[in-house]
Amino acid sequence: MSVGLEHYLILSVVLFAIGLYGALVKSNAIVIMMSIEIMLNAVNIAMVAFSRFITPSLLTGQVFAIFIMVVAAAEAAVGLAIINA
């Protein structure tokens, strides 16, 4: 049995649901930021999976995933700076 696009999308949906639950239910700011990071990583998995299985010759999904990681790192740095100040 090979791992197909459906498996990656199911993983992405599960991670996004876990992150959404954490962001909506928890009241701790650090836990909410971690939940948002989980949601962004779920989107990264979906984009890279679509890029790999739909257009294997293009690297657009991987490039967008790198940009999302950069934005997530900046968001985490600013959020932690605000919390610590």
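When reading the values below, keep in mind they use all heavy atoms of this one structure, side chains included, and skip hydrogens, waters and symmetry mates. By convention here, the first residue in the shown sequence is residue 1.
Leu9 and Ile68 end up in different hydrophobic clusters when Ile, Leu, Val, Met, Phe, Trp and Tyr side chains are linked at under 4.5 Å. Hydrophobic clustering places Ile36 together with Val43 (ILVMFWY residues linked when any side-chain heavy atoms are closer than 4.5 Å, directly or through intermediates). Residues Leu5 and Val3 are members of one and the same hydrophobic cluster, defined by side-chain heavy-atom contacts under 4.5 angstrom among Ile, Leu, Val, Met, Phe, Trp and Tyr. The hydrophobic clustering, which links ILVMFWY residues whose side-chain heavy atoms are closer than 4.5 Å, places Ile38 and Val25 apart.
Counting only distance, with no hydrogens or angles, the side chain of Ser12 and the backbone of Ile45 share no donor-acceptor pair below 3.5 Å.
Shown here for Val48 and Ala65, the closest heavy-atom pair between the two residues is CG2-CB, 3.8 Å. Contact record, Gly19 with Ser35: O-CB, 3.2 Å, taken as the closest heavy-atom pair. For Ala72 against Leu40, the heavy-atom pair with the smallest separation is CB-CD1, 3.6 Å. Across all non-hydrogen atoms, the minimal contact from Gly22 to Ile32 is O-CG1, 4.4 Å.
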| field | Worked check of side-chain contact (heavy atoms from CB on, under 4.5 Å) between Tyr8 and Phe50 | value | CA-CA 9 Å; Tyr8 288 111; Phe50 277 124; over 6 Å; no
| message | Using the rule given for side-chain contact (heavy atoms from CB on, under 4.5 Å), can you reason through Met33 versus Glu75, listing the C-alpha separation, both sets of side-chain angles and the distance that settles it, and then say yes or no? | response | CA-CA 9 Å; Met33 287 178 45; Glu75 175 256 336; 4.0 Å; yes
| said: Between Arg52 and Met47, is the side-chain contact (heavy atoms from CB on, under 4.5 Å) condition met? List the steps. | reply: CA-CA 9 Å; Arg52 168 70 175 91; Met47 272 202 290; over 6 Å; no
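No side-chain heavy atom of Met34 sits under 4.5 Å from any side-chain heavy atom of Met39.
Rounded to the nearest 0.5 Å, atoms CG (Leu11) and CG (Asn41) are 10.5 Å apart.
Taking a 6.0 Å sphere around OH of Tyr21, one finds it holds 12 or fewer heavy atoms contributed by other residues, nucleotides or ligands.
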